[in-house]
There are 2 protein chains.
Amino acid sequence: MPGAYESIEKRTELVRAASGLLHEQGFQRTTLAHVAARAEVPLGNVYYYFKTKDALAEAVITAHETGLRELFASWVAAHREPRQRLRCLVRAPLDSADHVVQFGCPHGSLCQELEKLGADAPLAKAGARLLAVYIEWSEDQFRAHGCGKRESRALATDLVAAVQGTMLIAHTMRSHELLTQQLRRVERWLDETLSSPRPRSRS
Amino acid sequence: MPGAYESIEKRTELVRAASGLLHEQGFQRTTLAHVAARAEVPLGNVYYYFKTKDALAEAVITAHETGLRELFASWVAAHREPRQRLRCLVRAPLDSADHVVQFGCPHGSLCQELEKLGADAPLAKAGARLLAVYIEWSEDQFRAHGCGKRESRALATDLVAAVQGTMLIAHTMRSHELLTQQLRRVERWLDETLSSPRPRSRS
DNA sequence: GTCTATAAATTGATAGAC
DNA sequence: GTCTATCAATTTATAGAC
């Protein structure tokens with residue numbers, strides 16, 4: 001019975017290998033030969049599971065998307081207060097601080113690179129979904145906290161922009177300290193924002 | 001006398017062409033053939049001016065660096081108040097809003113891509129200098145405003161992270177409106193931050 | 001200094017045996 | 001389903017005529 005199961009395991013292993021390499025080296029620099037080697041699968045076999053390199057990258061993004069949604073759902077399950085949930089988002093990069101400092105945000109950097117393929121490229125659209133997941137979930141939490149619809153959207157964008165920008169800078173400077181300290185500042189901003197009595201956009 | 005001048009003009013033209021293509025397509029996807037075509041220079045001639053593709057990219061980054069410093073200097077010359085100067089930084093993306101929405105930040109996206117070459121790659125280090133120029137200049141302005149040394153560094157990082165994150169999201173979403181509105185919010189944050197009576201880090 | 005032709009290496013993708 | 005061998009295209013870089 002190994003046969004039937006090995007195929008889905010190999011597929012999964014290919015996606016895992018590709019996911020890591022896309023984070024470490026980016027899409028363009030990652031070759032299918034390298035992915036195959038890391039997954040311990042012969043090069044030619046890759047094409048049995050994925051018709052093209054793009055298809056493999058899309059599978060990686062889909063896996064990221066699923067993983068993100070599960071992670072977000074776990075925060076919702078763990079905390080009743082939206083403020084606590086959003087804090088999880090801000091602190092999340094610290095859980096993989098080493099990777100973030102060394103390679104940047106696995107979603108943000110991938111998204112930025114894939115956008116260079118052109119606005120109408122399927123992969124670019126797939127990458128954009130990753131950022132959308134971040135923003136939409138954050139928006140939901142601000143709504144749940146009691147913020148207005150437009151304000152929630154704007155706050156969510158503020159938050160994701162701050163976290164993404166922080167990861168970009170901390171990665172570029174290769175600084176754990178910068179990542180930690182700046183994320184703490186984002187968290188403070190978040191606390192102050194959610195504490196102020198129902199911000200009415202027109203202050 | 002054309003001879004002597006044409007050579008430096010061609011060099012400049014190659015850098016200009018490469019600069020545009022690096023912004024539009026990224027480093028990896030930009031071929032020297034494409035650069036040569038846009039600069040209206042035969043492919044083989046590129047190597048007379050630049051030993052390698054990397055050398056051309058470094059010239060582009062150096063040009064960006066020079067341009068940034070000149071731009072920042074012009075803001076210093078135009079405004080006596082650091083607050084006004086920093087406002088220029090926040091509003092700058094609006095001057096080329098179309099390009100930013102379509103291709104992202106020419107410095108941030110390049111920096112992010114080049115980091116994938118590895119921490120010790122010369123091009124990665126060159127790209128990192130671009131972000132450093134932003135942060136250091138901003139830091140100087142916060143200092144001039146009267147903020148403490150550590151606080152200025154942190155505020156500068158906050159600011160650049162917010163602007164970079166905003167450009168990433170606005171580009172990904174291809175939204176002029178998002179770019180405009182979120183930058184306005186960053187500006188409001190900047191105003192509030194600089195208005196509060198000398199933030200003492202320990203609030 | 002300028003340009004054409006081409007070498008050399010890489011890499012996405014396929015053919016076809018097993 | 002699995003794997004080897006290889007094609008075909010791309011692209012950096014060079015050789016060498018002018």
Side-chain angles (χ1 to χ4, degrees), chain A residues 1-22 24-61 113-114 116-118 121-124 126, chain B residues 1-22 24-61 113-114 116-118 121-124 126:
Chain A
M1 126 179 5
Y5 282 90
E6 247 181 23
S7 45
I8 70 165
E9 273 183 26
K10 279 193 183 173
R11 208 196 119 98
T12 304
E13 201 49 46
L14 281 169
V15 172
R16 190 203 315 279
S19 182
L21 287 168
L22 256 47
E24 297 164 20
Q25 306 187 328
F27 173 72
Q28 303 282 350
R29 282 179 58 84
T30 296
T31 70
L32 290 176
H34 200 164
V35 172
R38 183 177 286 202
E40 292 178 296
V41 164
L43 172 58
N45 208 348
V46 174
Y47 288 92
Y48 175 75
Y49 295 99
F50 302 97
K51 200 175 168 62
T52 64
K53 184 185 181 185
D54 283 17
L56 174 55
E58 281 220 50
V60 169
I61 293 173
E113 180 179 7
L114 295 179
K116 296 293 185 197
L117 297 175
L123 268 185
Chain B
M1 132 181 355
Y5 282 91
E6 246 179 25
S7 44
I8 71 165
E9 272 183 26
K10 278 193 184 175
R11 208 197 121 98
T12 304
E13 200 51 45
L14 280 169
V15 172
R16 189 203 315 279
S19 181
L21 287 169
L22 256 48
E24 296 164 20
Q25 307 187 327
F27 173 71
Q28 303 280 350
R29 283 177 56 84
T30 295
T31 69
L32 291 176
H34 201 164
V35 173
R38 182 176 287 201
E40 292 177 297
V41 165
L43 171 58
N45 207 347
V46 173
Y47 289 91
Y48 175 75
Y49 294 100
F50 301 98
K51 199 175 169 63
T52 63
K53 186 185 179 184
D54 284 16
L56 175 55
E58 280 220 52
V60 168
I61 292 173
E113 182 180 5
L114 294 180
K116 297 293 185 196
L117 297 177
L123 267 185

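Labels below follow one simple rule: chain letters A, B, ... track the order of the sequence lines, proteins then strands, and each chain is numbered from 1. It should be emphasised that the depicted structure is a prediction, and the values quoted were computed from it without experimental measurement.
Within residues 24-33 of chain B, the residues approached by DNA chain D to less than 4.0 Å at the level of any non-hydrogen atom are Thr30(B), Thr31(B), Leu32(B), in residue-number order. Within residues 35-43 of chain A, the residues that have a heavy atom under 4.0 Å from DNA chain D are, in order of number, Pro42(A). Residues of residues 51-59 of chain B having a heavy atom closer than 4.0 Å to DNA chain C: none are found.
Under 4.0 angstrom from either OP1 or OP2 of dT2(D) there lies at least one side-chain N or O belonging to Tyr49(A). Between dG1(D) and Tyr48(A), a contact under 4.0 Å exists linking OP1 or OP2 to a side-chain N or O.
dG1(D) atom C1' lies 15 Å from atom CD of Glu9(A), rounded to whole Å. What separates OH of Tyr47(B) from C1' of dA13(D) is a distance of 5 Å, to the nearest Å. With rounding to whole Å, Lys10(A) atom NZ is found 9 Å from dC3(D) atom C1'. Atom CG of Leu14(B) and atom P of dG1(C) are 14 Å apart (whole Å). Atom CG in Asn45(A) sits about 14 Å away from atom C1' in dA13(C), given to the nearest Å. Here dT2(D) presents its P atom at 13 Å from CZ of Arg11(A), a figure rounded to the nearest Å.
Separation of atoms CG (Asp54(B)) and CG (Leu117(B)) is listed at 7.5 Å; rounding is to 0.5 Å. Taken from NE2 in His34(A) to CD in Glu24(A), the straight-line distance is 8.0 Å, to the nearest 0.5 Å. For the atom pair OG1 of Thr52(A) and CG of Leu123(A), the computed distance is 8.0 Å after rounding to the nearest 0.5 Å. Between the CD atom of Gln28(B) and the NZ atom of Lys116(A) there is a distance of 12.5 Å, given to the nearest 0.5 Å. Note: Leu22(A) CG to Leu114(A) CG = 7.0 Å, rounded to the nearest 0.5 Å. Atom CD of residue Glu58(B) and atom CD1 of residue Ile61(B) lie 6.5 Å apart, to the nearest 0.5 angstrom.
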Practice problem: Begin from the C-alpha positions of Tyr49(B) and Val15(B) and carry the test side chain to side chain contact (heavy atoms under 4.5 Å, CB included) through to its verdict. | Solution: CA-CA 10 Å; Tyr49(B) 294 100; Val15(B) 172; over 6 Å; no
Quiz item: Going through the distances and angles, do Val46(B) and Val35(B) end up as a side chain to side chain contact (heavy atoms under 4.5 Å, CB included)?
Solution: CA-CA 9 Å; Val46(B) 173; Val35(B) 173; 5.6 Å; no
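A salt bridge links Arg16(B) to Glu13(B): one of the charged nitrogens lies within less than 4.0 Å of a carboxylate oxygen.
With Phe27(B) as the aromatic partner, Lys53(B) meets the cation-pi criteria of under 6.0 angstrom to the ring centre and within 45 degrees of the ring axis.
The closest side-chain heavy-atom distance from Arg29(B) to Leu21(B) is not below 4.5 Å.
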